[in-house]
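Everything on this sheet refers to the single structure shown next.
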Number of protein chains: 2
Amino acid sequence: MSKTKPIGVNFEELESQCLPHLSVDCVVFGFHDNQLKVLLLKSKFIDEWSLPGGFVGKTETVEEAATRVLKERTGLGEIFLNQFHIFSDPKRSNPGLKPENMKKAGVKLTNYEWLGQRFLSVGFYALVEFSKVDPQPDVFSQTCEWKGIDEVETLMMDHRQILDKALETMRLQLRYQPIGYNLLPEKYTMPELQKLYETILGRELDRRNFQRKILSYKILKRLPERRLGVAHKAPYLYRFDLEKYNQALLDGLSGDW
Amino acid sequence: MSKTKPIGVNFEELESQCLPHLSVDCVVFGFHDNQLKVLLLKSKFIDEWSLPGGFVGKTETVEEAATRVLKERTGLGEIFLNQFHIFSDPKRSNPGLKPENMKKAGVKLTNYEWLGQRFLSVGFYALVEFSKVDPQPDVFSQTCEWKGIDEVETLMMDHRQILDKALETMRLQLRYQPIGYNLLPEKYTMPELQKLYETILGRELDRRNFQRKILSYKILKRLPERRLGVAHKAPYLYRFDLEKYNQALLDGLSGDW
DNA sequence: TCAAAAGTGTTCTAACTACACCCATGG
DNA sequence: CCATGGGTGTAGTTAGAACACTTTTGA
């Protein structure tokens, strides 16, 4: 007799196709309403939020696994993605996948053991354009939503630690690489870009110095258009000069923030 | 009948105690004769060099695995160690552990399959004091030696890529963290420290500017002693002020190189 | 006494900081 | 017509680059 699959997944297949003990977790950053947001999932089985994650196929790289997970959760391909750490505490395991919690939720499986095993997880962080994301929960989750970075409370397992490390890594990266292209819409104003930087860095920057510094990198182009409909002088719109932007990604920037 | 163990390892035990598919590889840097060195192993089974590596125990973190490997290869505990990347190309596998190569070398085992499986490897880099290391080959290797970073030719599998990535990561780290404490003996002269920086960065630095910049961090103490026995003015000896050094590790430095 | 390499100081420039003034826009 | 916030400019400060002279040492 065929196995019950109340949550829409063939776990026997999963087990046969994925590496044991290894998963990926993604910290997906977006920027909206002058706030840094992160994509989170709420478990079907326990009352906790977690990062989007998944298993690694037997013939996949971890990057491919993360890309696949992100495609599923956001609908986006071609995502800016960076591996930043592997979390390997032997005690880390997903309580949302623990036999007792899944049974409590009425899930029937024969191979709880595989899901309940020890997992080491490779942390990735992704930068995406908020408005392009269509958040989709996975089979273990009831919802998938953006949360403001400051509103995030406790997360499942060590996911809070993973989130913090991702933030720290992104802040460091900001020192020597331009980011923003992946987080902002095609056109944006200088104050918007500044807000993004301030949000990531967690401190205010001088408006004029910021503008001068950013422009000195020569990675963005001012457009003749302006942002209209504001009760003050209309700011110019800019967009990244992709060629120079990518060159700067390779060469690195010089400044400190 | 008990299994033949011509290379001194019980592989059944290894398999039962280690995670499948996962290994660690360490890029161990040392500094000697004004040269950056890296610790390499020469395989018993094929004519290739590789990085020190090992498997991950079922209840170990990857950090613990790397620490264990380094203890075995160098004799040192308390090593400065940094995880920097996970290498997960599904095609990567160790030719020195491939059945045909081990059989050719006369090794008799029943579970070649385990050794020949796909491995994902977590890359670590370590900074050690050259003179304190007592290089010890592992069971798969005939020798363990220091090689000048510029003399390293081809390495086994993707180890060359791992080495390059380690170097790149260390150079980046040099931008915002002091290193040197782990690579130099307790007392050293300013020109020696400068040579180390020049070697890591791969370019020459101005003697006077270097001294001023390093001293401005206030992480080292000038000793009343000088290095004698040189046919020129005797340079002062310095040592790191551990308290301030560690604080700087946490806070980060400001300068660019 | 000389070559080699260390100690120390100055000048110039570029980058960052901290401000001030004017301008456009919607309410 | 005014509050809000954007566009631009300038002076002061600090960090880095380039460079010169003096000192100590063993051979």
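Both backbone and side-chain heavy atoms feed into the values below; hydrogens, waters and symmetry mates do not. First the proteins, then the strands, lettered A, B, ... as listed; each starts at 1.
Rounded to an integer number of Å, the gap from B:Gln194 CD to D:dA17 P is 12 Å. One interatomic measurement links the two molecules: CZ of A:Arg203 to P of C:dC16, which rounds to 12 Å at whole-angstrom precision. Nucleotide C:dT10 holds its C1' atom 12 Å from the CG atom of B:Asn209, rounded to whole Å. One interatomic measurement links the two molecules: CD of A:Glu204 to C1' of C:dA18, which rounds to 15 Å at whole-angstrom precision. When the C1' atom of C:dC19 is taken as reference, atom CZ of A:Arg212 falls 11 Å away, rounded to whole Å. Atom P of nucleotide C:dC16 and atom CZ of A:Phe210 are separated by 13 Å, given to the nearest angstrom. The separation between B:Glu192 atom CD and C:dA5 atom P is 13 Å, rounded to whole Å.
Checked against salt bridge (Lys or Arg N to Asp or Glu O under 4.0 Å), A:Glu48 has no partners two or more places apart in sequence or in another chain. A:Lys42 is linked by a salt bridge (Lys or Arg N to Asp or Glu O under 4.0 Å) to A:Asp47, counting only residues two or more places apart in sequence or in another chain. Among residues two or more places apart in sequence or in another chain, the side chain to side chain donor-acceptor pair (under 3.5 Å) test is passed with A:Asn34 by none. A search for salt bridge (Lys or Arg N to Asp or Glu O under 4.0 Å) contacts involving A:Arg239 returns nothing, not counting sequence neighbours. Considering only residues two or more places apart in sequence or on other chains, B:Arg212 meets the salt bridge (Lys or Arg N to Asp or Glu O under 4.0 Å) condition with none of them.
Contacts of residues 221-230 of chain B with DNA chain D (heavy atom under 4.0 Å): B:Val230.
Residue B:Gln211 places its side chain closer to C:dT8 than to any other of D:dA17, C:dT8, D:dG7. Distance from the side chain of B:Asp206 is smallest for D:dC19 among the nucleotides D:dC19, C:dC19, D:dG16.
Dashed line: the shortest gap from a side-chain N or O of A:Lys213 to OP1 or OP2 of C:dC16 is under 4.0 Å.
Looking at A:Ser121 and A:Asp25, their side chains do bring a donor and an acceptor atom within 3.5 Å of each other.
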Listed pairs, N/O of protein and of nucleotides 4-6 of chain D, under 3.5 Å:
| unit_1 | atom_1 | unit_2 | atom_2 | d |
| --- | --- | --- | --- | --- |
| D:dT4 | O2 | A:Ala231 | O | 3.2 |

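Enclosure of atom CD in A:Glu151 by more than 12 non-hydrogen atoms of other residues, nucleotides or ligands within 6.0 angstrom is indicated.
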For residues 141-148 of chain A, tabulate all N or O donor-acceptor pairs below 3.5 Å that involve a side-chain atom, not counting sequence neighbours.
| unit_1 | atom_1 | unit_2 | atom_2 | d |
| --- | --- | --- | --- | --- |
| A:Ser141 | OG | A:Asp138 | OD1 | 2.6 |
| A:Gln142 | NE2 | A:Ser43 | O | 3.1 |

Output side-chain donor-acceptor pairs under 3.5 Å for residues 180-194 of chain A, partner residues at least two apart or in another chain, one line each.
| unit_1 | atom_1 | unit_2 | atom_2 | d |
| --- | --- | --- | --- | --- |
| A:Lys187 | NZ | A:Glu225 | OE1 | 3.3 |
| A:Lys187 | NZ | A:Glu225 | OE2 | 3.1 |
| A:Thr189 | OG1 | A:Glu192 | N | 3.3 |
| A:Glu192 | OE1 | A:Thr189 | N | 2.9 |
| A:Glu192 | OE1 | A:Arg227 | NH2 | 3.0 |
| A:Glu192 | OE2 | A:Arg227 | NE | 3.3 |
| A:Glu192 | OE2 | A:Arg227 | NH2 | 3.0 |
| A:Gln194 | NE2 | A:Glu198 | OE2 | 3.0 |
| A:Gln194 | NE2 | A:Leu205 | O | 2.9 |

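Residue side chain B:Arg208 does not reach the base of D:dT22 through any donor-acceptor N/O pair under 3.5 Å, judged by distance alone.
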